[in-house]
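Since the structure comes first, as structure tokens, the remarks are kept for the end.
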Amino acid sequence: MLNYYAAPGLIKEDRINVTIILDTVSKYFDVTIHGLTGPSRMSKIVMARQIAQYLLRTELKMPVKAIGSLFNRDHSSVLYSIKYIDNQHSLTNPADIVTHLINIENQLKW
């Protein structure tokens, strides 16, 4: 299931998929994939999880229920994460979250 959703990209395999997004986000934040998809509420892991969910939705157009299943979360929790990250772009003083998102997106394209 992890490699089912894929989108065109500019990486070596010329594809961005679920595994690549999860690997990139987990390495960027120095957390395990199990930690990323697990129940932890540590702020570092929560931010990483929200960014991963946002990227899965925006880059792969993955359904919210599928993202929820992957992260053991309800679809409404996934929607909250996606909207939260999306709203950070519209703030006049965006949080560090936007910087992290830009850095991760750049890593995905190389």
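In this text, all values refer to a predicted model and were calculated from it rather than measured experimentally. For the single chain, residues carry numbers from 1 onward in sequence order.
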Next on the checklist: Looking at every heavy atom in both Ser26 and Thr32, which two are closest together, and how far apart are they?
Outcome noted: CB-C, 4.2 Å
Item to check | Taking every non-hydrogen atom, the tightest pair across Val18 and Leu70 | outcome: CG1-CD2, 3.6 Å
Checklist entry - Can you tell me how far CG of Asn87 sits from NZ of Lys83, rounded to the nearest 0.5 angstrom? => result 9.0 Å
Item to check | Side-chain heavy-atom pair His75, Lys65 within 4.5 angstrom cut-off | outcome: yes
Checklist entry - Looking at Leu22 and Ala52, what are the two nearest heavy atoms and their distance? => result CD2-CB, 4.2 Å
Item to check | Contact list for residues 25-69, test ring pair (Phe, Tyr, Trp, His ring centres under 6.0 Å), sequence neighbours left out | outcome: Tyr28-His100, Phe29-His100
Item to check | Leu108 side, atom CG; Asp23 side, atom CG - distance, nearest 0.5 Å | outcome: 10.5 Å
Next on the checklist: Could you tell me if the side chain of Val98 sits less than 4.5 Å from the side chain of Ile85, heavy atoms only?
Outcome noted: no
Item to check | pair Ile97-Gln50: side-chain heavy atoms closer than 4.5 Å | outcome: yes
Next on the checklist: Can you confirm whether Gln107 sits close enough to Lys27 that some side-chain heavy atom of one is under 4.5 Å from a side-chain heavy atom of the other?
Outcome noted: no
Checklist entry - Atom OG1 of Thr37 and atom CD1 of Ile67: how far apart are they, to the nearest 0.5 Å? => result 13.5 Å
Item to check | Interatomic spacing from CG in Leu55 to OG1 in Thr24 - rounded to 0.5 Å | outcome: 9.0 Å
Next on the checklist: Check whether Arg73 reaches the backbone of Val78 with its side chain - one donor and one acceptor, N or O, closer than 3.5 Å.
Outcome noted: no
Checklist entry - Can Lys44 and Asp30 be said to form a side chain to side chain contact (heavy atoms under 4.5 Å, CB included), step by step? => result CA-CA 9 Å; Lys44 172 179 153 180; Asp30 194 28; 4.2 Å; yes
Next on the checklist: Between Gln53 and Ser81, is there a side-chain donor-acceptor contact under 3.5 Å, judged purely by atom types and distance?
Outcome noted: yes
Next on the checklist: Give me the atom names and distance for the closest heavy-atom approach of Val46 to Ser40.
Outcome noted: CG2-O, 4.2 Å
Checklist entry - Any donor and acceptor pair, going by atom type alone, linking the side chain of Asp86 with main-chain N or O of Ile82 inside 3.5 Å? => result no
Checklist entry - Taking a hydrophobic cluster as the set of Ile, Leu, Val, Met, Phe, Trp and Tyr residues connected by side-chain heavy atoms closer than 4.5 Å, whether directly or through intermediates, do Ile102 and Ile16 fall within one such cluster? => result yes
Item to check | Over all atoms of both residues, closest heavy-atom pair of Asn17 and Leu60 | outcome: C-CD1, 3.8 Å
